[in-house]
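Here's the structure we're looking at; comments come further down.
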There are 2 protein chains.
Amino acid sequence: MADTPSARDRILDAFEELLAEQSERAATLDAVAARAGVSKGGLLYHFASKDAMVDGVLSRLSAHVDADLDRMRSAPEGPVAYFIRTSVPTDNDLERSIVAVARLAQSADSRARDALSAMQRSWLSILESSVGDPLVARIIMLIGDGMYYNTALLPDTNAVLRSETDMDRVIELVKRLADS
Amino acid sequence: MADTPSARDRILDAFEELLAEQSERAATLDAVAARAGVSKGGLLYHFASKDAMVDGVLSRLSAHVDADLDRMRSAPEGPVAYFIRTSVPTDNDLERSIVAVARLAQSADSRARDALSAMQRSWLSILESSVGDPLVARIIMLIGDGMYYNTALLPDTNAVLRSETDMDRVIELVKRLADS
DNA sequence: GTCTATATTGCGATAGAC
DNA sequence: GTCTATCGCAATATAGAC
């Protein structure tokens, strides 16, 4: 199953990768088709328009976010630590999906913006339940947003948090905010 | 002087506005020329290529950032409070310039990315001098980045910090981090 | 389901008149 | 310094063969 992804999945993978690794402009039908190993005509059989492809990555994001929210709610270390730890640049499906949708949002795609807003509201809601103080929850969200922003906008350049020790200290500092 | 901006300045204004208010794709030569009140040929007399126009907005950013760094260093409330206060969405030349360049950076323009990186390094350096602890300085930067990110990516949607009271409390909380 | 044309539009840039 | 007209190209999308 994971060995032979369908053409449809390979196309969405290619679209997300080009968006996230390069730019919205680079993610042309030609480039997506080439990376997915199909012709442009083949691509357009599966997705009748570029818009349909956007819908595809948006529903993928939605699925990844739902799974992440579950993990966040039941994280052993608690939602705050989970949120901070998973905001640091890694290389997983959720992050790639978020960066891809962020690029679409930059191109004035209102559906993409709505999807990102909804994701933020969900995170914020869990953080608020966890820390009590809405303003502290918002500050924690902003720290996470800042990390994603640096990942999406300034790949390579950003040495956000270098070590595990740094990460542990950030979580400790942030938790102290919550207890004040 | 402010009454009759030169065609050159009107073109850069129009380019920045289209980038910031709409998207990189919307900022075509046609659209910029129309907004600036010149023809496409007229535009291309002042800027031989779109790339030259990008250079124009990058030097504007550089000038705005230099002025901001001076204000930050000499802010009566201190650099930290100044930085946090000016990270909240407002409507000034610096912010419009940053958002415009952020859009260019999203389009894989390495010069734009370098300019944003340099800006961040300058801010961070002042914050580090001010708070001592490099990790706390980085956290403060991330909060500011988060605010800019929300402004640039999700206009309207983002209710970052609603009131003056919220802002004052954020600054107080952040300063407490610095003193721990 | 996947391919090769091809139609069509929109963009960046050039040429040359005024 | 500013204009109109036009070239060349790249991108989305369609048509129809296999």
Side-chain angles (χ1 to χ4, degrees), chain A residues 1-58 100-101 103-112, chain B residues 1-58 100-101 103-112:
Chain A
M1 170 190 174
D3 277 39
T4 53
S6 66
R8 215 190 117 90
D9 283 333
R10 275 184 295 123
I11 289 165
L12 287 183
D13 286 341
F15 188 38
E16 274 185 2
E17 284 163 20
L18 284 163
L19 284 170
E21 292 165 16
Q22 299 191 37
S23 70
E24 192 268 337
R25 277 194 115 101
T28 65
L29 296 186
D30 271 306
V32 172
R35 186 182 270 236
V38 295
S39 71
K40 190 153 48 166
L43 186 159
L44 285 160
Y45 168 80
H46 293 284
F47 297 95
S49 67
K50 202 171 184 180
D51 238 53
M53 238 168 27
V54 170
D55 286 332
V57 304
L58 289 179
V101 173
R103 301 260 200 250
L104 294 172
Q106 288 278 44
S107 301
D109 188 306
S110 59
R111 294 165 302 164
Chain B
M1 169 191 175
D3 276 38
T4 53
S6 64
R8 216 190 117 90
D9 283 334
R10 276 184 296 122
I11 290 166
L12 286 182
D13 285 342
F15 188 38
E16 275 185 2
E17 283 162 22
L18 284 164
L19 284 169
E21 291 163 18
Q22 300 190 37
S23 69
E24 191 269 337
R25 276 194 116 98
T28 65
L29 294 186
D30 272 305
V32 171
R35 187 181 269 236
V38 295
S39 69
K40 189 152 52 164
L43 187 159
L44 285 160
Y45 169 79
H46 292 284
F47 297 95
S49 69
K50 203 172 183 179
D51 238 53
M53 239 169 25
V54 170
D55 285 334
V57 304
L58 289 179
V101 173
R103 301 261 199 249
L104 294 172
Q106 288 278 47
S107 301
D109 188 307
S110 59
R111 294 165 300 166

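Numbered from 1 within each chain, the chains take letters A, B, ... in sequence-line order.
- Not counting sequence neighbours, A:S39 has no partner by the side-chain contact (heavy atoms from CB on, under 4.5 Å) test.
- Annotation: side-chain contact (heavy atoms from CB on, under 4.5 Å) contacts of B:A34 (sequence neighbours excluded): none.
- Looking at B:R103, its side chain never comes within 3.5 Å of a backbone N or O of B:E24 through a donor-acceptor pair.
- You'll find the side chain of A:F47 reaches within 4.5 Å of the side chain of A:L12, heavy atoms only.
- When every heavy atom of A:L104 is checked against every heavy atom of A:V57, the shortest pair comes out as CD1-CG2, 3.7 Å.
- Of the charged side-chain nitrogens involved, at least one lies within less than 4.0 Å of a carboxylate oxygen, so that A:R111 and A:D51 count as a salt-bridged pair.
- Here the shortest heavy-atom pairing between B:P5 and B:R10 reads O-NE, 3.6 Å.
- A nucleotide of DNA chain C counts as in contact with chain B when one of its atoms lies under 4.0 Å from a heavy atom; the first and last such, 5' to 3', are C:dC11 to C:dT14.
- A:E17 places a side-chain heavy atom less than 4.5 Å from the side chain of A:R35.
- For A:A100 against A:A20, the heavy-atom pair with the smallest separation is N-CB, 4.3 Å.
- Residues of residues 37-53 of chain B having a heavy atom closer than 4.0 Å to DNA chain D, listed by number: B:V38, B:S39, B:G41, B:G42, B:Y45, B:H46.
- For A:L29 and D:dT12, the CG to P distance is 4 Å, given to the nearest whole Å.
- The stretch residues 16-25 of chain B has no heavy atom under 4.0 Å from DNA chain C, so no residue of it qualifies as close.
- Under the rule for a side-chain hydrogen bond (donor to acceptor under 3.5 Å, both in side chains), B:S23 has no partner lying at least two apart in sequence or in another chain.
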